[in-house]
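Only one structure is covered here, and it is reproduced in the block below.
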2 protein chains.
Amino acid sequence: MSCAEPKRCHHNQLVNCGDCRLGPLCLPIALNTAEIDQLDDIVKRGRPLGKGEHLFRQAEAFGAVYAVRSGSFKAYSTSDDGTEQVTGFYLPGEILGMDGISSLKHCSSAVALETSTVCEIPFGRLEELSSQLPSLQRRFFQIMGNEITKDQQMLTLLGKNSAEERVASLLLSISSRNHHRNLSPTRFRLSMSRAEIGNYMGLTVETVSRVFSRLQKQEVIGVDNREVEILDMAKLKSVANVT
Amino acid sequence: MSCAEPKRCHHNQLVNCGDCRLGPLCLPIALNTAEIDQLDDIVKRGRPLGKGEHLFRQAEAFGAVYAVRSGSFKAYSTSDDGTEQVTGFYLPGEILGMDGISSLKHCSSAVALETSTVCEIPFGRLEELSSQLPSLQRRFFQIMGNEITKDQQMLTLLGKNSAEERVASLLLSISSRNHHRNLSPTRFRLSMSRAEIGNYMGLTVETVSRVFSRLQKQEVIGVDNREVEILDMAKLKSVANVT
DNA sequence: ACTTCCTATTGACCAGAATCAAGGCTGGAT
DNA sequence: ATCCAGCCTTGATTCTGGTCAATAGGAAGT
């Protein structure tokens, strides 16, 4: 990847929070310019991670949360018997790593699904700064509340919905998150495998694959390997059981 | 219920955080005496709620979080089509209502499963006080992090585990939470119905009932309606697939 | 006591997704 | 280009848990 104009480059490390095009999605919402500068001072921007590289691993000491700047991540936890459970996919502007806050140990691992960059936000310094900036404290409470809400919606999905409803919901979720980031809500490339989707949604690879095939046959979506196009948004929503 | 000595009564409204026997489980952990007094000033202790009374309802404005003082609550969300999903059970010392923090609207309802009391903690004032007391801020981040961790474990349970594993896990969860509160970890009364358990665990009433019967036949537990005794803790843990 | 309503149990049957088992694609490496 | 490994798809079969249905047990009120 070539970076003619560093300030605009996806993976460059010079951008600050004030200039970041993800500002309106990320931690800085509701902060004024001076506050953003203060936040900016504690944020560390690391080198890009390659596909398969870990951001943190389960049982490691918790020290920071991370904002995805580009690319995408999968969070998963491993149980004693070695089975893995995907607990979330994280796209640019989203915050991950909050699972470690309660015990000061990460209880999940996070791995890059493609070449990705993050902003590392050391938690201790975030706490300090939050004490000084009420709007940052509020914003972070809000982000954690969001994570709780999201997980609880996921519980409903896993507890009550069929395979088709689950897969359709995931596609709609990615679609709307892309939309927020000014990307196409109807055409995108999945950065995760069928197996990872299945794991996340409590299904097997085979079932996910069959649902994709069925939805394609009904012309609700077009699928070419990981490339997805939503052809009939209304129909997809009705399959997902949402209005 | 008679209350000879008000200070010790389960449902009385005079107790303050400093004297509350739930202190070591609840919000005040890690606060010193002076800090607890400050917290105490913002806490409102309401009248007892009867079984079936709501603490808050979905879509209502969010204004406070609640610490269970006695009794128990069920949190659930209702979808457009009217189906309900139980998102959690809350026992004394546990905090509920955090689902409203992100959008300032409750996205679940909470109902008392039996006669119960709560401490209401107005969120705006908690935010203010958190800015002044770093240990309170930290504690509240921790409580929210706990909720996230708990929900994610629940995702694993719903995504991967069988009916027996799910029900056994719930019994173990209640057992250990009772234990923390110095109640018997092996004998307790369930405050929720089989239907509510099933709903929470993504199962039907019939399946829950069958699992209870099977576990009883194998002498892992003894069940008499809502009265449960764990007869073989080790076996129950192996059924639940935990070590 | 008796009734009524609600909750729980149990059985018979069915359906959706898991499992088992081949093959077919794809993209990266040589 | 060719090969290979991992990913994906599809089919056949099995099995867990859901659905439907009937009955039993309990609690609260008359």
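A note on names: the letters A, B, ... follow the listed sequences, proteins ahead of strands, and every chain is numbered from 1. It should be emphasised that the depicted structure is a prediction, and the values quoted were computed from it without experimental measurement.
One can place CE of B:Met201 at 14 Å from C1' of D:dG17, the figure rounded to the nearest angstrom. For the pair A:Asp224 CG and C:dT26 P, the interatomic distance rounds to 7 Å; values are reported in whole Å. A straight line from CD of B:Glu227 to C1' of C:dA8 spans 15 Å, rounded to a whole angstrom. With rounding to whole Å, B:Asn199 atom CG is found 14 Å from C:dT7 atom P. Computed from coordinates, the B:Glu206 CD to C:dC13 P distance equals 16 Å when rounded to whole Å. Rounded to whole Å, the distance from CD on A:Glu164 to C1' on C:dA15 is 14 Å. When the C1' atom of D:dT9 is taken as reference, atom NZ of A:Lys217 falls 11 Å away, rounded to whole Å. Computed from coordinates, the B:Arg189 CZ to D:dA27 C1' distance equals 10 Å when rounded to whole Å.
OP1 or OP2 of D:dG18 has at least one side-chain nitrogen or oxygen of B:Thr204 nearer than 4.0 Å. Close to C:dA18, at under 4.0 Å from its OP1 or OP2, lies no side-chain N or O of A:Arg210. Dashed line: the shortest gap from a side-chain N or O of B:Thr207 to OP1 or OP2 of D:dG17 is not under 4.0 Å. The side chain of B:Arg194 contributes an N or O atom lying less than 4.0 Å from OP1 or OP2 of C:dT9. The side chain of A:Ser213 contributes an N or O atom lying less than 4.0 Å from OP1 or OP2 of D:dT10.
Remark: B:Glu229 engages B:Arg187 in a salt bridge, criterion side-chain N to carboxylate O under 4.0 Å.
Across all strands shown, B:Gly198 has no heavy atoms under 4.0 Å from either base or sugar-phosphate atoms.
Put simply, the side chain of B:Leu172 reaches to within 4.5 Å of the side chain of B:Met233, judged on heavy atoms.
Looking at the side chain of B:Ser209, the nearest of the listed nucleotides D:dT19, C:dT9, C:dA21 is C:dT9. Set against C:dA17, C:dT7, C:dT9, the side chain of A:Ala163 has C:dA17 as its closest nucleotide. Checking D:dG17, D:dC8, C:dA8 against every side-chain atom of A:Arg226, the shortest atom distance belongs to D:dC8.
B:Ser77 and B:Thr87 share no side-chain donor-acceptor pair at under 3.5 Å. With 3.5 Å as the limit, one finds no donor-acceptor pair spanning the side chains of A:Asp99 and B:Thr149.
With hydrogens and angles ignored, the 3.5 Å screen pairs no side-chain donor or acceptor of B:Asn178 with any backbone N or O of B:Leu183.
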